[in-house]
Amino acid sequence: MDSGQFTAEPSSNDTAERSFDVIVAGCGPTGAMLAAELRLHDVRVLVLEKETEPASFVRIVALHMRSIEVMAMRGLLDRLLEHGRRRPVGGLFAAIPAPAPKDLDSPYACLLGIPQPVLVRLLEEHAVALGARVRRGGAVAGFEQDDEGVTVELADGERLRARYLVGCDGGRSTVRKLLGVGFPGEPSRNETLMGEMEVGVPPEEIAAGVARVRESRQRFWLRPFGSGVYSVVVPAAGVGDRAVPPTLDDFRRQLRAVAGTDFGVHSPRWLSRFGDATRLAEHYRVGRVLLAGDAAHIHPPTGGQGLNLGVQDAFNLGWKLAARLGGRAPDALLDTYQAERRPVAEDVLDNTRAQMELHAAEPGPRAVRRLLTELMDIDEVNSRLTEKITAVGIRYDFGEGPDLLGRRMPDVEVAGGSLYGLLHRGRGLLLDRTGRLTTGGWSDRVDHLADPTAALDVPCVLLRPDGHVAWVGDDQRDLDGHLSRWFGEPTG
């Protein structure tokens with residue numbers, strides 16, 4: 001794949017070749033999504049990826065409802081659906097069997113399983129098509145920031161300049177460590193082996209073995225992916241070095257110890273290990289350097305929230321950073337990134353801690369799991385926990401106002417189609433059922449749809465580029481104040 005790779009060789013225009021608005025460290029889902037969001041606003045972006053080649057292993061990841069909505073808002077969903085597999089959005093919390101809640105207000109109420117390399121490739125291609133530059137083999141070794149920007153030094157000694165640097169470089173983030181930001185939390189106490197491989201016994205024998213083990217152990221499964229390939233998860237013997245991948249013999253040994261058989265596993269596609277370390281960065285921003293994705297938070301993968309959390313970090317940060325760079329917004333707008341996203345990460349860390357306890361084999365956690373399984377039969381409980389995992393229940397604190405304020409707007413029907421189809425360009429949107437309001441001096445960054453037929457229970461809503469409701473009402477003067485708050489001073 002041609003991903004816009006380049007090497008900044010000396011030239012007559014050397015300074016320009018080495019200068020950018022934003023350098024993003026890391027080209028995983030978070031970094032690629034952030035680069036695309038910035039390019040929607042013509043920000044000059046360089047993505048540095050320390051690996052020279054994309055990952056070769058095929059790990060299946062899941063996009064939850066809110067992330068699927070994010071992709072729909074940017075016109076990416078159809079491409080992802082071509083490569084993914086949908087399944088009902090039930091049984092997500094601690095893998096407790098439960099149907100999909102009945103009252104989820106989204107046409108995207110599903111879980112989308114997709115190979116992670118495919119997701120990264122599609123997001124990277126999207127960013128490059130918008131004009132982002134991606135450089136592989138570019139490892140950040142150091143940086144210095146001043147009042148005007150950040151000078152980034154690469155491992156080969158090359159120096160690049162940007163107005164901002166964003167670390168999207170994973171749980172072992174070099175950017176976070178160099179920035180000196182604390183990463184408090186708990187180290188791993190339990191480790192789990194995960195991989196995809198073929199098996200050598202009939203499906204019914206696998207099903208019987210898994211059912212027997214899962215009566216007492218929840219961190220165990222073999223799930224088919226077709227053509228004899230299974231996703232295998234089994235507790236490890238202890239906590240090892242995560243930088244050292246497990247071997248097929250490790251899987252065989254642990255499968256025999258836990259299930260009494262290794263199910264004849266062979267021909268692995270990929271093998272990995274994960275722990276239950278839980279950490280949260282003390283700050284998401286220090287001056288002109290910011291953190292997003294796993295660089296800002298790590299937690300166990302139970303519930304499948306990590307990748308989704310990072311993509312949504314990027315979705316929150318991109319338009320704000322672009323507005324700041326464009327001189328249209330005060331520095332305080334950039335501070336709302338941490339104010340909004342860090343509490344979301346805190347909640348995810350807490351719910352993954354709870355889920356890990358519910359996976360434990362001891363009598364106490366098993367008793368709590370049985371009790372919660374009963375409670376999940378209550379629709380309100382099932383909905384609340386599902387909304388936590390899928391992130392559709394998030395409400396940012398925008399101050400006092402209607403319950404809709406601060407929440408994400410569902411993809412309601414509007415004149416000519418759906419709401420999310422109007423958000424592909426990453427601009428704000430005034431959805432006006434009265435026909436009396438105007439975006440005035442903000443029309444260069446906020447679209448206006450006067451539609452008395454829009455499926456709203458309120459007169460008008462102002463949406464930020466990330467689809468969250470920034471204002472509800474019908475008064476022009478009140479609207480102007482909120483336009484200034486989120487989109488800066490008017491033009492003219």
Does R86, at its CZ atom, have more than 12 non-hydrogen atoms belonging to other residues, nucleotides or ligands within less than 6.0 Å? no
Sorted by chain and number, sequence neighbours left out, side-chain contact (heavy atoms from CB on, under 4.5 Å) with T373 holds for I96, R369
*R341 to Y284 six-membered ring, cation-pi geometry met (6.0 Å, 45°)*: no
- prompt: When you check the side-chain N and O atoms of H359 and N190, is any donor under 3.5 Å from an acceptor?
  reply: no
- Message: Within the supplied structure, the quantity of interest is the number of heavy atoms (other residues, nucleotides, ligands) at a distance under 6.0 Å from R214 CZ; does it exceed 12?
- Response: yes
- prompt: Taking everything shown except R279 itself, do over 12 heavy atoms lie less than 6.0 Å from its CZ?
  reply: yes
For Y108, the ring pair (Phe, Tyr, Trp, His ring centres under 6.0 Å) test, sequence neighbours excluded, returns none
Tell me whether the count of non-hydrogen atoms from other residues, nucleotides or ligands lying under 6.0 Å of CD in E413 goes above 12. no
inquiry  = Within a 6.0 Å radius of atom NE2 on H482, are there more than 12 heavy atoms belonging to other residues, nucleotides or ligands?
reply    = yes
If you count heavy atoms of other groups shown closer than 6.0 angstrom to NZ of K320, is the number above 12? yes
Taking the side chain from D276 and the backbone from R189, do they hold a donor-acceptor pair closer than 3.5 Å? yes
Counting neighbours of CZ on R85 that are heavy atoms of other residues, nucleotides or ligands and sit closer than 6.0 Å, is the number greater than 12? no
In terms of heavy-atom contacts, does CG of D457 have more than 12 from other residues, nucleotides or ligands at under 6.0 Å?
no
To the nearest 0.5 Å, atom OG1 of T352 lies from atom CE of M356 at 8.5 Å
